[in-house]
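Chain naming here is simple, since letters A, B, ... match the order of the sequence lines and numbering starts at 1 in each.
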Protein chains: 2
Amino acid sequence: MSEMLYTIKDVSDRTGISPHTLRFYDKEGLLPFLRKSPHGTRLFSEEDFESLFTITCLKKSGMSLHKIRDFMQLYAKGVETLPERQYMFEEHRKEILARMKELEEMLNIVNYKCWYFAEARLRNDPDFYKKLSAEEMPPQMIEFMSKVQNFKQAIDSGEPHDSV
Amino acid sequence: MSEMLYTIKDVSDRTGISPHTLRFYDKEGLLPFLRKSPHGTRLFSEEDFESLFTITCLKKSGMSLHKIRDFMQLYAKGVETLPERQYMFEEHRKEILARMKELEEMLNIVNYKCWYFAEARLRNDPDFYKKLSAEEMPPQMIEFMSKVQNFKQAIDSGEPHDSV
DNA sequence: CCTTGACTTAGAGTATTCTCTAAGGTCTAT
DNA sequence: ATAGACCTTAGAGAATACTCTAAGTCAAGG
C-alpha cells in the first residue's frame, strides 16, 4: 500500500481550516513537517493530522502562533528536544489553569450582575442596592462590593481631589 | 462634604489602567458617565470606579470593547434599558461557560501531552505510543486518539489521493 | 485546444486593542 | 516668569491572526 497524501484542499475540507490559513501557517513556520511535490504543491500525510489537531488545541487554549511555531520547530528537530517540549507543555498547562481560575472569578461577577438586573427590574429601581441593609445583601453582593473597593484602592496613599 | 473627583492620573494610579488607555476608552465611547472640567479635563467620581471595574471584568472574561461600549451606552440611558442589559449579561454568562468548557477540554489534551512527554523521555523513544497494545494505553490516550480521528474525518466522503 | 479550477508566490488590507508621538494648552511651585 | 508636570487632540505605529488580491503555473475534462 502506497502512502496516502492529501492536498491542501483535502485537508481544508476535513479540518475546516481554510487553505489560506494553512498556507499562512506554513509561511509562519508552524508546519515544518510538510512535504512538497516536485512543482511545490503542499502534501499532507496521515500523521500530519495529529500535528494539525495539536496546533488547533494549542490555539484554542490561548497559545500564540509564535509559541506554537517554536514548539513545532522543536518537534521537527526530533527526540533530543523532548525535554524542552515537555517544559513548554508544563508551562502552558499552568497558564490554562490560571486562565480557568480567572474566568471562574469573572463568572462570579457576571452571576452577581445577572442577579442585580433581575432584582432591579423586579423592583423597577436600579438603585435598590444602595438601600439594602447589611443583612439584606446577598453574599455575592458583599463580595462584589469588596472587590470594587480593592480595585479602587490599589494605591491609596494619595488624597483624592476635592471639588468642582 | 463636596463631591470627590479624580483626575485621569489618580484613576490610573489606583486601577493600573494607563491614562492613554483611559483616554482611548473614552474616545471609543466606553465611558459615557465621564464628566469634564470647564477646560476639558476628564473627571472621575467615586461611583465611576464601579463602572471601570465592570469594564475590566467584562474584558477579562472575553467581551470585546465594542460590546462593552454598547453595554455602557445602554447603562448611560438609564432604567429603561435594564431588560437589554440583563439580556446582554445572560448571554455573556453563557459565553463564559462555553469558554470554560472549551478550556477544560483543551486542558485534557495538554494533560495527555504532558504524560506523553514524561513517558517518552523515560523510555527515550518518542514513538513508544505506537507500540502499546490496547490494554497498555491509558484512557486519556485513547480519548486523544479518538479526538484526532474525529478531527481528521470531519467530512469523510472523499477518497484520499494515492501517492507520489 | 481551451476553459476551469486548484495550486503557487508576494504582498496588501482588516480587526482588535492598545501604545506612543507630536504639538500644544494649563496649572503649580519657586 | 519660567520650569516641570499635568492635561488636551489627532493621528501614526505595533502585535496578532488572519484574509484577500494579483499575477501567474499546471493539469484534467469537454
### Message
Quick check for you: to the nearest 0.5 Å, what is the distance between A:Leu52 atom CG and A:Leu31 atom CG?
### Response
6.5 Å
### Query
What's the CG-P distance between A:Leu65 and D:dC18, to the nearest Å?
5 Å
### Query
Where the side chain of B:Lys9 is defined as all heavy atoms beyond and including C-beta, which of D:dC6, C:dC18, C:dT8 is the nearest nucleotide?
D:dC6
#### Entry: Side chain to side chain, B:Thr54 and B:Tyr75, heavy atoms closer than 4.5 Å
no
### Task
Check the angle between the aromatic planes of A:Phe128 and A:Tyr116 and answer parallel, tilted or perpendicular using the 30° and 60° thresholds.
parallel
### Message
Without decimals, in angstroms, what is the distance between B:Leu43 CG and D:dC6 P?
### Response
16 Å
### Task
Calculate the interatomic distance between A:Phe24 atom CZ and C:dT9 atom C1'; express it in whole Å.
15 Å
### Message
Does C:dT9 have its OP1 or OP2 closer than 4.0 Å to a side-chain nitrogen or oxygen of A:Arg42?
### Response
yes
### Message
Output the rounded distance in Å from NZ (B:Lys27) to C1' (C:dT16).
### Response
13 Å
### Message
Evaluate A:Asp10 against A:Thr7 for side chain to side chain donor-acceptor pair (under 3.5 Å), listing each step before the verdict.
### Response
CA-CA 5 Å; A:Asp10 295 332; A:Thr7 66; 3.2 Å; yes
#### Entry: side-chain N/O B:Lys59 vs C:dC18 OP1/OP2, d < 4.0 Å
yes
#### Entry: Atom pair distance, as rounded to whole Å: CZ in B:Arg69 and P in C:dA15
14 Å
### Nucleotide D:dA15, atom C1' - distance to NE2 of A:His66 in whole Å
12 Å
### Task
Give a yes or no on whether the backbone of A:Leu103 and the side-chain of B:Ser61 come within a donor-acceptor separation of less than 3.5 Å.
no
### Query
Does B:His20 or B:Glu28 map to a spot on DNA chain C nearer the 5' end, using the closest nucleotide for each?
B:Glu28
### Message
Does C:dT9 have its OP1 or OP2 closer than 4.0 Å to a side-chain nitrogen or oxygen of A:Arg23?
### Response
no
### Message
So A:Ser18, base contact, sugar-phosphate only, or nothing? Heavy-atom distance under 4.0 Å.
### Response
nothing
### Task
Output yes when at least one side-chain N/O atom of A:Lys36 is less than 4.0 Å from OP1 or OP2 of C:dT9, else no.
yes
### Phosphate OP1/OP2 of C:dT8 contacted by A:Thr41 side-chain N/O (<4.0 Å)
no
### Task
Nearest whole angstrom, please: distance from the P of C:dA15 to the NZ of B:Lys67.
17 Å
### Message
Just N and O in the side chain of B:Tyr25: are any of them under 4.0 Å from OP1 or OP2 of C:dC18?
### Response
yes
### Task
May I have the distance from B:Leu22 (atom CG) to D:dC7 (atom P), rounded to whole angstrom?
10 Å
